[in-house]
Student: 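Have a look at the structure that comes next, please.
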Amino acid sequence: MSESSEDRADAFFHALADRTRRDILRRVLAGEHSVTELAAKYDMSFAAVQKHTAILERAGLLIKRRNGREQLASGDVEAVRAVASMLDELEDVWRGRIDRIDALLKEEK
């Protein structure tokens, strides 16, 4: 992986490491929400929810747009697919190791 894709992976997984951010991502993938609407769903300040959405936005998982005075947030499905692709690559590495272990065990018999 290139340095930029490694940086992107770091941002993805940092963003997804928090339960609240994962929940926000689920909500915005299901449909567009104002940040105010999102904040009403959590027992935390509006500013805290804004910080969570900013982290998701920096990771490329959430897109914000202005509608008058409101910020509307929606999920980026392509970015989520990129995360899934990274996980698939890691699974391929893991499966390759299992295959090599299986081959070694067969050789010993």
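Numbering starts at 1 and runs along the sequence shown.
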Student: Count I, L, V, M, F, W, Y as connected when their side-chain heavy atoms are under 4.5 Å apart, and connections chain through other members. Are Leu29 and Leu72 then in the same cluster?
Tutor: no

Student: What heavy-atom pair brings Ala15 and Arg21 nearest, and what distance separates the two atoms?
Tutor: O-NE, 2.9 Å

Student: Quick check: do Val83 and Leu61 have side-chain heavy atoms less than 4.5 Å from each other?
Tutor: yes

Student: CG/Asp76 to CG/Leu56 distance, rounded to the nearest 0.5 angstrom?
Tutor: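 Nearest 0.5 Å value for the CG-CG distance: 11.5 Å.
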
Student: Any side-chain heavy-atom pair from Glu70 and Val35 closer than 4.5 angstrom?
Tutor: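 A side-chain contact under 4.5 Å is absent here.
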
Student: Do the non-hydrogen side-chain atoms of His14 and Ile55 ever get within less than 4.5 Å of each other?
Tutor: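 With C-beta onward as the side chain, the pair touches.
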
Student: Determine whether Val28 and Leu38 satisfy the following criterion, side chain to side chain contact (heavy atoms under 4.5 Å, CB included), listing intermediate values before the conclusion.
Tutor: CA-CA 9 Å; Val28 298; Leu38 291 170; 4.0 Å; yes

Student: Identify, with sequence neighbours excluded, every residue that meets salt bridge (Lys or Arg N to Asp or Glu O under 4.0 Å) alongside Glu32.
Tutor: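 Checked Glu32 against salt bridge (Lys or Arg N to Asp or Glu O under 4.0 Å); matches are Arg65.
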
Student: Taking the side chain as every heavy atom from C-beta outward, state whether Asp7 and Phe12 have any pair of such atoms under 4.5 Å apart.
Tutor: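 Heavy-atom side-chain distance check fails, nothing below 4.5 Å.
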
Student: Check whether any side-chain heavy atom of Met44 lies under 4.5 Å from a side-chain heavy atom of Val49, and answer yes or no.
Tutor: yes

Student: Salt bridge or not between Arg27 and Asp23? Use side-chain N to carboxylate O under 4.0 Å.
Tutor: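 Answer for the salt bridge query: yes.
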
Student: Measure the OG1-CG distance between Thr20 and Asp43 for me, rounded to the nearest 0.5 Å.
Tutor: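 Thr20 atom OG1 to Asp43 atom CG measures 10.0 Å (nearest 0.5 Å).
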
Student: For residues Val80 and Ile63: do they belong to one hydrophobic cluster (side chain heavy atoms under 4.5 Å, members Ile, Leu, Val, Met, Phe, Trp, Tyr)?
Tutor: no

Student: Hey, any chance Met86 and Val77 share a hydrophobic cluster, counting ILVMFWY side chains that come within less than 4.5 Å of each other, even indirectly?
Tutor: yes

Student: May I ask you to test the Arg26-Ile24 pair for a side-chain heavy-atom distance under 4.5 Å?
Tutor: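 No - every pair of side-chain heavy atoms lies 4.5 Å or more apart.
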
Student: Apply salt bridge (Lys or Arg N to Asp or Glu O under 4.0 Å) to Arg69 and list each qualifying residue two or more places apart in sequence or on a separate chain.
Tutor: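 Arg69 satisfies salt bridge (Lys or Arg N to Asp or Glu O under 4.0 Å) with no residue once adjacent residues are dropped.
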
Student: Under the criterion side chain to side chain contact (heavy atoms under 4.5 Å, CB included), I'd like the reasoning laid out for Asp18 against His52: C-alpha separation, chi angles, the key distance, then a yes or no.
Tutor: CA-CA 9 Å; Asp18 182 86; His52 283 302; 3.4 Å; yes

